[in-house]
Amino acid sequence: MRATRPTTHSVWLGVLALLLLAAAMQPAVEARRPPTILENGRLLLPSAGTLSRLALHYNGLLADVYWTRAIQYFGERHQTRQRSFPLLLPLLNLTLDLDPDLTQVAQYGSYFLADKVPLGAGEPHGAIALLQRAIARQPDNWRLYYNLGFVYALNLHDRQKAAEAFYRGSLRPNAHPALKVLAAAFLQGRDERQLARALWSELYETSPDPLIRANARDHLEALQAEADIEHWQALIGDYARRTGRAPADWTALGLASPPRDPEGRAYHLTAGGRVELDPATAIASFQSH
Amino acid sequence: MNPIGAVARNTFREAIRDRILFSLVFFAAAMIGAAILFTQMSFAIDAEALINFSLTALTLFGIIIAVFLGNQLVAKEIERRTLYTLLAHPVRRWQFVLGKYAGLLLTLLVNCGLMALAFVLALSYVLHGTHPGEGNLAAALLFIFLQLALVTALALLFSCFSSPVLAAVFSLALFLVGNFADDLRAMGRTTQHVPAKLLALGCSYLLPNFSDLNVVTAASHFQPIRLSLVFLNTGYVVVYAGALLLAACAILEGRDLK
C-alpha cells in the first residue's frame with residue numbers, strides 16, 4: 001500500500017498538469033478559430049419554432065437563455081465601446097417569441113434598444129414594436145404602458161403619444177398613481193427637462209432592479225448638471241453685461257471654490273466664460289435626456 | 001402479506017440502495033444550485049430562470065432515473081434467475097409486474113420529493129420569502145411526476161421482452177417522440193397526403209403525449225393551471241400507464257421462463 005502511494009500521487013499530478021496544459025492551449029485555439037455566428041452579426045437560428053423543437057418545447061428555459069444572451073451581447077459591445085447593436089432587436093424578438101409572457105424582455109429591453117447610441121442601440125421604433133407586442137399579450141400590465149410612454153417621451157419626443165400611453169396605463173388595474181400625473185404633465189406642455197426629470201425620478205424610485213436604478217440615477221445627475229450649467233451660465237451672462245468682460249475665475253462670481261457637478265467634480269470655467277463639465281466625468285455621455 | 005405490496009417494498013428497498021440513484025438526485029440538486037448562479041448572470045428574471053432551470057432539470061434527471069431503474073425491473077430478475085424463486089412463492093406474474101411498478105413509483109416519489117425540496121429552498125432564497133402564486137407550482141411538479149410514471153410504465157413494458165439496453169433506448173425514444181405529439185398532430189392536419197396524414201394523426205394520438213404534461217414555462221410565471229387540466233392529465237396517465245401495465249402483464253404471462 002505504501003509503495004503505491006507515490007505512484008498514485010504522480011498520476012494525479014500528471015492529470016492536473018495535463019488539464020492545466022489543455023487550459024493553457026485554449027487562448028491559442030480561440031485566436032485561430034473562425035468567428036462565431038453571433039460575432040458575424042447573424043443569428044444562427046432565427047426561428048422560435050425550430051428552437052423550441054430542438055429544446056423539447058422547454059421554451060421558458062430557452063427564452064431565459066436568449067434573454068441572458070441579449071443582455072451579455074449588449075453589455076459586451078457596450079463595454080468594448082462598439083457603436084452598433086445589430087443583433088439586439090432580433091435577440092429580443094426571438095426571446096419574446098419563445099416566451100410571450102416574459103414581458104421583462106420588452107420592459108427592460110426597450111431601454112437598451114431605444115436609448116441613443118452609444119448608450120443604447122438607438123432603435124426607438126423597435127422598442128415601441130416590442131412593447132406593443134408585450135402589451136397585446138398582457139394588456140393589464142401598467143408598467144408596459146409606462147415604458148411605452150417613456151420611449152415616446154424621451155427618445156421620440158412625441159408628447160401627444162407619450163401622454164396617451166401614460167393615460168392608457170393609468171386606467172389599468174393597480175396602476176401607479178404617477179402615470180396620471182405624467183399624462184397630465186405631458187398634455188400641459190411642461191418643459192422637456194422637467195418631464196425628463198419626472199420620468200427618471202419615477203423609474204429610480206419604483207424600479208426594483210439596481211442596474212436600472214443606477215442608469216436612472218446617472219440620467220438624473222446629467223439633468224442636474226445641465227440645470228447647474230444653465231444656472232451658472234446665466235450668472236456669467238449677467239456679470240459680463242455688468243462688467244463688459246467674462247469672469248476670470250469663480251471668485252469673480254463671489255464663490256470661494258468652483259461649484260461641483262453631481263459626481264463631485266469641479267465645473268470648468270473657460271476663458272471665454274463658458275461653463276463645462278470636467279472631461280473625466282461620466283455625466284456628459286448621459287446628457288441631452 | 002399482499003404479494004403486490006411485498007414486491008413493491010422489496011423493489012423500493014433495492015432501488016434506494018443504488019448509489020447511482022442518489023448521485024443523480026445530488027446532481028439534480030446541484031443543477032438547481034447552478035440555476036441560482038445563472039440568475040446572477042442574467043437580469044430581472046431571477047424567479048423565472050430558477051423555476052425553468054430547476055423544473056427542467058427535475059424532469060430530465062427524473063426521466064433518466066425512471067428509465068435506468070425501470071429498464072432493469074424484469075430483465076434483471078430474469079437474468080439473475082431471482083424471478084423463478086419469486087414465482088415459486090404464491091405470487092402471480094401480474095402481481096409481480098404491478099408490485100415492481102408500485103415500488104419504482106414510490107422510489108421516484110421519494111427522489112422527486114428530495115429534488116422538489118431543494119427547488120423550494122432555492123426558490124425561497126431567490127424570492128427572499130414566498131410568492132402568492134407559489135401554490136401553482138404544485139401542478140407543474142405533479143405533471144413532472146406523471147411524466148415519470150408514464151416513462152416507468154414504458155420502461156417496464158419494454159423490460160418484459162427486451163434487454164435492459166434496448167428497453168432504455170425504446171423508452172427514451174418514445175419520451176422524445178411524445179414531446180413532439182403536438183407537432184406531429186399539426187403536421188398531420190396540414191399535409192394533403194392521405195396516408196401520411198393518417199399515420200401522423202394516428203401516431204400523435206396513440207403515442208404517449210408528453211407535451212401536454214409540460215407546463216414549466218407557464219409555471220415560471222406563476223400562472224394558475226386549471227383544475228380540469230390537472231384531472232384530465234392525471235386521468236390520461238392513469239389510463240395510458242394502465243394500458244402499458246396490462247400489456248406488460250400479458251407479455252410476462254405469455255413468456256416461457258423455463
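Each chain gets a letter, A, B and so on, in the order the sequences are listed, and its residues count up from 1. Remember, predicted model here, so these are calculated numbers, not experimental data. What's counted below: heavy atoms across the whole structure, side chains too, no hydrogens, waters or symmetry copies.
Under the 4.5 Å side-chain criterion, counting only non-hydrogen atoms from C-beta, A:Leu102 is in contact with B:His221. Contact annotation: the side chain of A:Leu56 never approaches that of B:Phe210 to less than 4.5 Å [non-hydrogen atoms, C-beta and beyond]. By the 4.5 Å heavy-atom criterion applied to side chains, A:Asp64 and B:Phe38 are counted as neighbours. Contact of the B:Val216 side chain with the A:Tyr58 side chain is registered, since non-hydrogen atoms from C-beta on lie closer than 4.5 Å.
Atoms OG and CG, on B:Ser220 and A:Asp101 in that order, are 8.0 Å from each other to the nearest 0.5 Å. The CD atom of A:Gln104 sits 9.5 Å away from atom OG of B:Ser42, with the distance rounded to the nearest 0.5 Å.
The closest donor-acceptor contact from the side chain of B:Thr217 to the backbone of A:Gly60 lies under 3.5 Å.
No part of B:Thr39 comes within reach of chain A, as not one of its non-hydrogen atoms sits under 4.5 angstrom from that chain. Residue A:Ile71 touches chain B through its side chain alone, counting heavy-atom pairs closer than 4.5 Å. Looking at A:Gln107, there are no atoms closer than 4.5 Å to chain B (heavy atoms on both sides), in backbone or side chain.
In the displayed structure, A:Lys180 atom NZ is contacted under 6.0 Å by at most 12 heavy atoms of other residues, nucleotides or ligands.
Here the closest heavy-atom approach between residue B:Phe43 and residue A:Phe112 is recorded as CE2-CZ, 3.9 Å.
Of the residues considered (B:Ile51, B:Asp183, B:Thr59, B:Leu55), B:Asp183 shows the highest number of contacts with chain A, using heavy-atom pairs under 4.5 Å.
If you check the side chains of B:Asp182 and A:His57, you find no donor sitting under 3.5 Å from an acceptor.
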